[in-house]
Amino acid sequence: MKIAETIGEVRTQVAAWKRAGLTVGLVPTMGYLHEGHMSLVEEAARRCDRVVASVFVNPTQFGPGEDLATYPRDFARDRALLEDHGCHLVFHPSVEEMYPAGAATFVEVCSEMPKQLCGKTRPIHFRGVCTVVAKLFNIVTPDKAFFGWKDAQQLLILRRMVRDLGYGVELVGCPIVREPDGLAKSSRNTYLTPQERQAARVLSQAVFLGQKLVAEGERDGDRLVQAMKACLLAQPLARIDYVQAVDSETLEPVHTLRGTVLVALAVYLGKTRLIDNFIAEGL
Ligand code: AMP
């Protein structure tokens, strides 16, 4: 496995692979990797001849007062994990490599999508995500790129960006990987105190309850959301940011569940904000 710190090194390697007729899969990450990230790398290795993973804590997707400075980092460990799971090239650029002095160009989906759900508390987040992913696509020129459904709003916004800008990249969504007690794996879970970690089970309990209600035939979005909120409110350490059922195309709230619906939630445990969701399809 090779490590590249510059855009030039990545371009040279990918060009050689393409000359040899090999397909390239990209897995963008912010590092501090866990089994959720590894599931993306493994899927990329199944579907593509060569796998590129990026490890970059992207400053433009963090708002003022968010956890950019304290975001967990351990590149030595990430590198060993990636090598074990079939990655061929790790792109680990500096901030200056990705954003040269004076960088002033952003990629933004200018619809309601980035303003909904997490966009209400993180107004510049998805602009930063789209900008860095667009840039990674330009550098790596992958055939396919792999993203987790854990960040469903991110995946749906990136699908729109790819469509709107005509990127020839296929986005592959991978299922949420969970801890044995149901909590979706996340680099931010390390922020939780033991009590908060215990209490965090309530997020997946609310998701599983929502899935069960939909499976039993619930089609009233407001009633579904109320039931999931009641589940979350039973945990005194949890503070609800949002629970919403939204249209998977526009991300705008729906009152009747029809077609494909994203049911998403965000909850604070102390200072840590965690997210979870499920997709209800074929309704
Ligand atoms: P991050 O490093 O948090 O930016 O995540 C990088 C990629 O890994 C994103 O596409 C995430 O959706 C995905 N990911 C993170 N956690 C999980 C998880 N528990 N299950 C599946 N994918 C995940």
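Note that ligands are numbered from 1 as they come in the structure, with each ligand's atoms numbered from 1 the same way. In this chain, numbering begins with 1 at the start of the sequence shown. Just so we're clear, the structure is a prediction, and the values are computed from it rather than from any experiment.
The N/O atoms of Gly148, backbone and side chain alike, include one that comes under 3.5 Å of an N/O atom in ligand 1. Inclusion of Lys185 in the set of residues having an N or O under 3.5 Å from an N or O of ligand 1 is warranted. Not one N or O of Ser39 is nearer than 3.5 Å to an N or O of ligand 1, by distance alone. By the 3.5 Å distance cut-off applied to N or O atoms, Ser187 is not counted among the residues near ligand 1.
By the 4.0 Å N-to-carboxylate-O rule, Asp181 lies close enough to Arg197 to be salt-bridged with it. Arg79 and Glu83 are not joined by a salt bridge, as no carboxylate oxygen comes within less than 4.0 angstrom of a charged side-chain nitrogen. Salt bridge status for Glu66 with Arg122: present, with a side-chain N to carboxylate O gap under 4.0 Å. Using a cutoff of 4.0 Å between basic side-chain nitrogens and carboxylate oxygens, Arg178 and Asp276 are scored as salt-bridged.
Atom 16 (N) of ligand 1 has as its closest protein heavy atom His34 CE1, 3.2 Å. Considering only non-hydrogen protein atoms, atom 21 (C) of ligand 1 sits nearest to Pro175 O, 3.4 Å. For atom 1 (P) of ligand 1, the closest non-hydrogen atom of the protein is His37 NE2, 3.6 Å. For atom 6 (C) of ligand 1, the nearest non-hydrogen atom of the protein is Pro28 O, 3.4 Å. Taking atom 12 (O) of ligand 1 as the reference point, the nearest protein heavy-atom neighbour is Asp151 OD2, 2.6 Å.
Cation-pi check for Arg77 over Tyr32 is met; the charged atom lies under 6.0 angstrom from the ring centroid and within 45 degrees of its normal.
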Pair Thr23-Lys144, side chain to side chain contact (heavy atoms under 4.5 Å, CB included): steps then yes or no: CA-CA 8 Å; Thr23 58; Lys144 300 179 199 290; over 6 Å; no
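Taking every non-hydrogen atom of Ile176 and a distance limit under 4.0 Å, the qualifying atoms of ligand 1 come out as 20 (N), 21 (C). Atom numbering of ligand 1 starts at 1 in the shown order; those under 4.0 Å from a heavy atom of Phe147 are 10 (O). Against a heavy-atom cut-off of under 4.0 Å, Lys150 is close to the following atoms of ligand 1: 16 (N), 17 (C), 18 (C), 23 (C). Of all atoms in ligand 1, listed by their number and element, those nearer than 4.0 Å to a heavy atom of Leu40 are 7 (C), 8 (O), 10 (O), 13 (C), 22 (N). Remark: ligand 1 atoms within the under-4.0 Å shell around heavy atoms of Thr29 are 2 (O), 6 (C).
Remark: side-chain polar atoms of Asp241 are not paired, donor with acceptor, to backbone N or O of Val267 under 3.5 angstrom. A distance-only check finds a donor-acceptor pair linking the side chain of Thr131 to the backbone of Val107 [under 3.5 Å].
Each of Glu249, Glu108, Glu112 was compared with Arg160 under the salt bridge (Lys or Arg N to Asp or Glu O under 4.0 Å) criterion, and only Glu249 meets it.
Nearest to atom 9 (C) of ligand 1 by heavy atom, out of Arg188, Gln154, Arg178, is Gln154. The closest heavy-atom contact to atom 4 (O) of ligand 1, among the options Gln61, Glu35, Met30, comes from Met30. Here atom 20 (N) of ligand 1 lies nearest to Val177 when heavy atoms of Val177, Leu183, Val41 are compared.
Taking all atoms of both residues into account, the shortest heavy-atom contact from Leu265 to Met228 is CD2-CE, 3.8 Å.
Neither the backbone nor the side chain of Ser186 has any atom closer than 4.0 Å to an atom of ligand 1 (non-hydrogen atoms only). When non-hydrogen atoms are compared, ligand 1 lies under 4.0 Å from neither the backbone nor the side chain of Leu33.
For the atom pair CG of Asn189 and OG1 of Thr272, the computed distance is 8.5 Å after rounding to the nearest 0.5 Å.
A centroid separation of less than 6.0 Å is found between the aromatic rings of His92 and Phe75.
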